[in-house]
Amino acid sequence: MKLVIDTNVLVSALLNPDGTPAVVLNFVLSGNACCVYEERVLHEYRDVLLRPKFPFQRKDIDSLLEYLRMTGVRVAPKPCDVIFPDEDDRVFYEVAKAASAHFLITGNRAHFPDEDWILTPGEFVIHHIRLQP
(Lines give C-alpha, C1' and ligand atoms only; values in the text may rest on other atoms or scores of the structure.)
Protein backbone atom coordinates (compact mmCIF):
# COMPACT_ATOMS: atom_id res chain seq x y z
CA MET A 1 0.00 0.00 0.00
CA LYS A 2 1.39 3.40 -0.99
CA LEU A 3 0.69 6.36 1.30
CA VAL A 4 1.51 10.02 1.27
CA ILE A 5 1.64 11.39 4.80
CA ASP A 6 1.17 15.10 5.34
CA THR A 7 3.62 16.77 7.70
CA ASN A 8 0.96 17.53 10.30
CA VAL A 9 0.27 13.80 10.66
CA LEU A 10 3.94 13.00 11.09
CA VAL A 11 4.39 15.70 13.74
CA SER A 12 1.29 14.56 15.62
CA ALA A 13 2.46 10.94 15.50
CA LEU A 14 5.80 11.84 17.04
CA LEU A 15 4.33 14.15 19.68
CA ASN A 16 1.75 11.60 20.84
CA PRO A 17 2.82 7.97 20.37
CA ASP A 18 -0.60 6.81 21.62
CA GLY A 19 -2.66 8.86 19.16
CA THR A 20 -4.28 7.93 15.88
CA PRO A 21 -1.58 9.56 13.72
CA ALA A 22 0.95 7.32 15.49
CA VAL A 23 -1.10 4.29 14.43
CA VAL A 24 -0.68 5.45 10.82
CA LEU A 25 3.07 5.98 11.23
CA ASN A 26 3.49 2.62 12.97
CA PHE A 27 1.60 0.98 10.10
CA VAL A 28 4.33 2.31 7.80
CA LEU A 29 7.19 1.52 10.17
CA SER A 30 5.99 -2.07 10.52
CA GLY A 31 6.22 -2.54 6.76
CA ASN A 32 2.49 -2.68 6.02
CA ALA A 33 2.71 0.36 3.75
CA CYS A 34 5.36 2.53 2.19
CA CYS A 35 5.54 6.27 1.96
CA VAL A 36 5.62 7.94 -1.40
CA TYR A 37 7.76 11.05 -1.45
CA GLU A 38 9.62 13.62 -3.44
CA GLU A 39 12.64 15.42 -1.99
CA ARG A 40 10.57 18.52 -1.20
CA VAL A 41 8.40 16.37 1.09
CA LEU A 42 11.41 15.06 3.01
CA HIS A 43 12.83 18.58 3.24
CA GLU A 44 9.56 19.86 4.68
CA TYR A 45 9.47 17.00 7.19
CA ARG A 46 13.02 17.82 8.29
CA ASP A 47 12.45 21.59 8.45
CA VAL A 48 9.29 21.27 10.52
CA LEU A 49 10.49 18.49 12.83
CA LEU A 50 13.70 20.39 13.65
CA ARG A 51 11.88 23.55 14.73
CA PRO A 52 12.97 24.56 18.24
CA LYS A 53 9.41 24.26 19.58
CA PHE A 54 9.52 20.48 19.12
CA PRO A 55 11.44 18.16 21.45
CA PHE A 56 12.77 15.88 18.71
CA GLN A 57 16.42 14.92 18.50
CA ARG A 58 18.23 15.46 15.19
CA LYS A 59 19.56 11.88 15.16
CA ASP A 60 16.04 10.49 15.61
CA ILE A 61 14.70 12.67 12.79
CA ASP A 62 17.60 11.66 10.55
CA SER A 63 16.92 7.97 11.27
CA LEU A 64 13.21 8.30 10.55
CA LEU A 65 13.74 10.19 7.30
CA GLU A 66 16.39 7.72 6.17
CA TYR A 67 13.97 4.86 6.84
CA LEU A 68 11.25 6.59 4.82
CA ARG A 69 13.71 7.23 2.00
CA MET A 70 15.01 3.65 1.95
CA THR A 71 11.62 1.93 2.19
CA GLY A 72 9.56 4.47 0.30
CA VAL A 73 8.90 5.23 -3.33
CA ARG A 74 10.40 8.37 -4.80
CA VAL A 75 8.42 10.02 -7.59
CA ALA A 76 8.76 13.02 -9.84
CA PRO A 77 5.38 14.73 -9.70
CA LYS A 78 3.89 16.85 -12.43
CA PRO A 79 2.35 20.21 -11.59
CA CYS A 80 -1.42 20.24 -11.30
CA ASP A 81 -3.82 23.12 -11.77
CA VAL A 82 -5.71 22.62 -8.51
CA ILE A 83 -5.99 25.67 -6.25
CA PHE A 84 -4.90 25.06 -2.64
CA PRO A 85 -5.74 27.26 0.37
CA ASP A 86 -2.20 26.54 1.57
CA GLU A 87 0.23 26.18 -1.33
CA ASP A 88 2.59 24.15 0.89
CA ASP A 89 0.08 21.29 0.58
CA ARG A 90 0.37 21.14 -3.22
CA VAL A 91 3.46 18.91 -3.23
CA PHE A 92 1.69 16.22 -1.18
CA TYR A 93 -1.21 16.11 -3.61
CA GLU A 94 1.04 16.10 -6.66
CA VAL A 95 3.19 13.31 -5.21
CA ALA A 96 0.11 11.23 -4.42
CA LYS A 97 -1.26 11.71 -7.93
CA ALA A 98 2.07 10.93 -9.61
CA ALA A 99 2.46 7.68 -7.69
CA SER A 100 -1.19 6.65 -7.86
CA ALA A 101 -0.95 6.43 -4.09
CA HIS A 102 -3.69 4.56 -2.37
CA PHE A 103 -4.18 7.35 0.17
CA LEU A 104 -3.03 10.79 1.18
CA ILE A 105 -3.32 11.07 4.97
CA THR A 106 -3.76 14.58 6.37
CA GLY A 107 -5.11 16.27 9.44
CA ASN A 108 -6.21 19.20 7.25
CA ARG A 109 -8.60 17.58 4.80
CA ALA A 110 -10.21 20.95 4.02
CA HIS A 111 -6.89 22.04 2.47
CA PHE A 112 -7.21 19.40 -0.26
CA PRO A 113 -9.69 18.59 -3.01
CA ASP A 114 -12.67 16.50 -1.89
CA GLU A 115 -11.50 13.10 -3.11
CA ASP A 116 -12.22 9.75 -1.49
CA TRP A 117 -8.54 8.76 -1.31
CA ILE A 118 -7.67 11.79 0.86
CA LEU A 119 -8.33 10.80 4.46
CA THR A 120 -7.74 11.92 8.00
CA PRO A 121 -5.72 9.58 10.20
CA GLY A 122 -8.94 8.53 11.95
CA GLU A 123 -10.69 7.69 8.69
CA PHE A 124 -7.69 5.69 7.51
CA VAL A 125 -7.42 3.74 10.77
CA ILE A 126 -11.14 2.98 10.95
CA HIS A 127 -11.46 1.83 7.35
CA HIS A 128 -8.06 0.42 6.41
CA ILE A 129 -6.20 -0.86 9.45
CA ARG A 130 -7.33 -3.90 11.35
CA LEU A 131 -6.32 -3.33 14.94
CA GLN A 132 -5.49 -6.43 16.93
CA PRO A 133 -6.88 -6.66 20.49
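This chain uses plain numbering: 1 for the first residue, then up along the sequence. Note: hydrogens, waters and symmetry copies are ignored here, and every other heavy atom, side chains too, is used. Quantities reported herein were computed from a predicted structural model and do not represent experimental measurements.
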Point-to-point distance, once rounded to the nearest 0.5 Å, from [atom1] of [X] to [atom2] of [Y]:
X: Phe124; Y: Ile118; atom1: CZ; atom2: CD1; answer: 14.0 Å
X: His127; Y: Leu119; atom1: NE2; atom2: CG; answer: 7.5 Å
X: Leu29; Y: Cys35; atom1: CG; atom2: SG; answer: 8.0 Å
X: Lys97; Y: Leu104; atom1: NZ; atom2: CG; answer: 11.0 Å
X: Phe92; Y: Asp6; atom1: CZ; atom2: CG; answer: 5.0 Å
X: Phe112; Y: Phe84; atom1: CZ; atom2: CZ; answer: 6.5 Å

Below 4.5 Å, heavy atoms only, C-beta onward: do [X] and [Y] meet side chain to side chain?
X: Phe103; Y: Met1; value: yes
X: Ile61; Y: Leu50; value: yes
X: Arg40; Y: Val95; value: no
X: Thr106; Y: Val4; value: no
X: Val28; Y: Leu68; value: yes
X: Arg109; Y: Glu123; value: yes

Between [X] and [Y], is there a donor-acceptor pair closer than 3.5 Å when you use the side chain of the first and the backbone of the second?
X: Ser30; Y: Phe27; answer: yes
X: Asn8; Y: Gly107; answer: yes
X: Asn26; Y: Ala22; answer: yes
X: Arg90; Y: Val82; answer: yes
X: Asn108; Y: Ala110; answer: no
X: His102; Y: Leu3; answer: no

Under 4.0 Å between a Lys/Arg side-chain N and an Asp/Glu carboxylate O for Arg46 and Glu39? no
State whether a side-chain donor-acceptor pair under 3.5 Å links Glu44 with Tyr37. no
Which heavy atom in [X] sits nearest to a heavy atom in [Y], and how many Å separate them?
X: Ala98; Y: Val75; answer: CB-CG2, 4.2 Å
X: Leu14; Y: Leu64; answer: CD1-CD2, 4.0 Å
X: Pro77; Y: Glu38; answer: CD-CG, 3.4 Å
X: Tyr67; Y: Gly31; answer: OH-N, 4.2 Å

If you count the non-hydrogen atoms of other residues, nucleotides and ligands that lie under 6.0 Å from CG in Asp86, is the total more than 12? yes
Are Leu49 and Asp60 close enough, and set up right, to give a side chain to side chain contact (heavy atoms under 4.5 Å, CB included), and what steps lead you there? CA-CA 10 Å; Leu49 293 172; Asp60 297 331; over 6 Å; no
State yes or no: do Leu10 and Leu15 share one hydrophobic cluster built from I, L, V, M, F, W and Y residues joined by side-chain heavy-atom distances below 4.5 Å, directly or via other members? yes
Joint hydrophobic cluster, Ile126 plus Ile5, side-chain heavy atoms closer than 4.5 Å: no
Audit row: Val48, Phe54, side chain to side chain contact (heavy atoms under 4.5 Å, CB included) steps and yes/no: CA-CA 9 Å; Val48 171; Phe54 295 124; 4.0 Å; yes
